[in-house]
Amino acid sequence: MELLNKDINEVLVSAEQLQIINRRLGEQITKDFEGKNLLVVGILKGSVYFMTDLTRYIDLPLKLDFLAVSSYGSGTRSSGAVKIIKDIDIDLAGYDLLLVEDILDSGRTLDYVSRMLQTRGANSISICTLLDKPERRVVELEPDYVGCSVPDEFVVGYGLDYDQKYRNLPYIGSLKREIYE
């Protein structure tokens, strides 16, 4: 990790803090979804580390699926245009969906995805995000579960990337500006 660490300005959420967040959210989700038909849908690629660890703390029968969307390309800000790259494979009728996202900033992607999925017959749709940047929100969207808030900086690690790099950092850190400017 030494080569990757040199590009990080500051660690914002440590590996230990991430596991505390996962346990807290998993326990709350377990309580809230007890007796329901839970389908956990990860938004790829960024949520894969978070979703994997989170579901280990959800003490319920559940199914997993993935949705791959893009609104960034290789930039640092959302383009506003959401593109579905891989759709959900499971028929949503009768399921209580938990959308799992790495970061919620503008809200455009999750707003688009949740509106799209609402037409498919799920009993309910809830949103769980590891990171929240409420000051960047451009659509009215409030997640049901939030790991923590982060400042308006470009963050990487634990699934979050810049140009498909840095996902494998075991923590979340702010990327040095000279890397992406």
Side-chain angles (χ1 to χ4, degrees), residues 21-22 25-26 28-58 60-150 152 154-164 167 172:
I21 288 168
N22 285 323
L25 292 173
Q28 186 62 53
I29 290 164
T30 298
K31 288 177 190 171
D32 294 350
F33 283 84
E34 187 174 356
K36 296 186 177 181
N37 193 15
L38 180 57
L39 173 60
V40 179
V41 176
I43 309 295
L44 294 175
K45 298 179 185 171
S47 73
V48 72
Y49 289 82
F50 174 45
M51 181 177 159
T52 299
D53 288 345
L54 173 67
T55 55
R56 289 182 179 133
Y57 292 105
I58 298 174
L60 297 171
L62 58 83
K63 289 187 178 179
L64 300 176
D65 206 341
F66 297 94
L67 185 66
V69 299
S70 176
S71 67
Y72 282 83
S74 62
T76 60
R77 295 217 179 248
S78 173
S79 67
V82 179
K83 177 181 174 187
I84 302 294
I85 298 167
K86 183 231 173 275
D87 207 340
I88 296 172
D89 295 327
I90 296 173
D91 177 4
L92 302 183
Y95 284 101
D96 293 280
L97 252 60
L98 179 66
L99 295 176
V100 177
E101 178 68 292
D102 55 356
I103 189 165
L104 175 56
D105 52 20
S106 74
R108 288 181 182 122
T109 300
L110 277 175
D111 181 60
Y112 178 88
V113 166
S114 59
R115 283 187 293 111
M116 175 189 78
L117 295 177
Q118 284 173 350
T119 66
R120 298 189 185 176
N123 293 338
S124 66
I125 299 176
S126 301
I127 295 172
C128 179
T129 186
L130 174 59
L131 304 176
D132 191 16
K133 285 188 189 179
E135 68 277 0
R136 294 271 310 272
R137 204 85 78 246
V138 297
V139 298
E140 285 193 38
L141 180 71
E142 290 300 321
D144 301 282
Y145 306 94
V146 175
C148 65
S149 292
V150 291
D152 190 9
F154 197 83
V155 293
V156 295
Y158 198 63
L160 291 103
D161 74 300
Y162 168 66
D163 199 21
Q164 300 298 324
R167 290 188 196 277
I172 295 174

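The OH atom of Tyr145 sits 11.5 Å away from the CD1 atom of Ile127 when rounded to the nearest 0.5 Å. Between the SG atom of Cys128 and the CD1 atom of Ile43 there is a distance of 11.5 Å, given to the nearest 0.5 Å. To the nearest 0.5 Å, atoms CD (Glu101) and CG (Leu44) are separated by 9.5 Å. Expressed to the nearest 0.5 Å, how far CG of Asn123 lies from NZ of Lys36 amounts to 8.5 Å. The structure places OG1 of Thr109 at 11.5 Å from CG of Leu99, a figure rounded to the nearest 0.5 Å. With rounding to the nearest 0.5 angstrom, the CG atom of Asp105 is 10.0 Å from the CG atom of Leu131.
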Practice item. Given side-chain contact (heavy atoms from CB on, under 4.5 Å), test Leu25 with Phe50 step by step and report yes or no. Key: CA-CA 11 Å; Leu25 292 173; Phe50 174 45; 3.8 Å; yes
Practice item. Start with the C-alpha gap between Asp144 and Asp32, add the side-chain angles, then the distance that decides, and say whether side-chain contact (heavy atoms from CB on, under 4.5 Å) holds. Key: CA-CA 11 Å; Asp144 301 282; Asp32 294 350; over 6 Å; no
Practice item. Walk me through it: do Phe33 and Ile58 pass the test side-chain contact (heavy atoms from CB on, under 4.5 Å)? Key: CA-CA 9 Å; Phe33 283 84; Ile58 298 174; over 6 Å; no
Review point. Could you walk me through whether Ile29 and Val40 pass the side-chain contact (heavy atoms from CB on, under 4.5 Å) check?
Key: CA-CA 11 Å; Ile29 290 164; Val40 179; over 6 Å; no
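Listed here is the closest heavy atom pair of Pro61 and Leu38: O-CB, 4.1 Å. Taking both residues in full, the closest heavy atoms of Val156 and Asp161 are given as CG1-C, 3.8 Å, listed atom of the first, atom of the second, then distance. Nearest heavy-atom pair, Ser124 versus Asp96, reported as atom, atom and distance to 0.1 Å: OG-OD1, 2.7 Å. Across every non-hydrogen atom of Asn37 and Gly94, the tightest pair is ND2-O, 3.3 Å. Contact detail for Pro134 and Ser149: the closest heavy-atom pair is CD-OG, 4.3 Å.
By the 4.0 Å N-to-carboxylate-O rule, Asp53 lies close enough to Arg56 to be salt-bridged with it. Under a 4.0 Å N-O distance rule, the pair Arg120/Asp87 qualifies as a salt bridge.
Crowding of Lys86 atom NZ: a count of heavy atoms from other residues, nucleotides or ligands under 6.0 Å exceeding 12. Heavy-atom contacts from other residues, nucleotides or ligands closer than 6.0 Å to CD of Glu34 number 12 or fewer. Atom NZ of Lys45 has 12 or fewer neighbouring heavy atoms from other residues, nucleotides or ligands inside a 6.0 Å radius.
The backbone N or O of Asp152 lies less than 3.5 Å from a partner atom in the side chain of Glu135, making a donor-acceptor pair. Panel note: side chain Asp65, backbone Asp89; a donor-acceptor pair is recorded below 3.5 Å. Looking at Asp132, its side chain never comes within 3.5 Å of a backbone N or O of Cys148 through a donor-acceptor pair.
Here the rule is side-chain contact (heavy atoms from CB on, under 4.5 Å) with Leu104, and of Arg136, Arg137, Glu142 only Arg137 fits it.
In this pair, Tyr162 and Phe154 present their aromatic rings perpendicular. The plane angle is above 60°, beyond the 30 to 60° band.
Within the 4.5 Å cutoff, side-chain heavy atoms of Tyr112 are placed close to those of Ile84. Counting heavy atoms from C-beta on, the side chains of Leu67 and Met116 come closer than 4.5 Å. You'll find the side chain of Val41 stays beyond 4.5 Å of the side chain of Val113, heavy atoms only. Counting heavy atoms from C-beta on, the side chains of Arg167 and Val48 never come closer than 4.5 Å.
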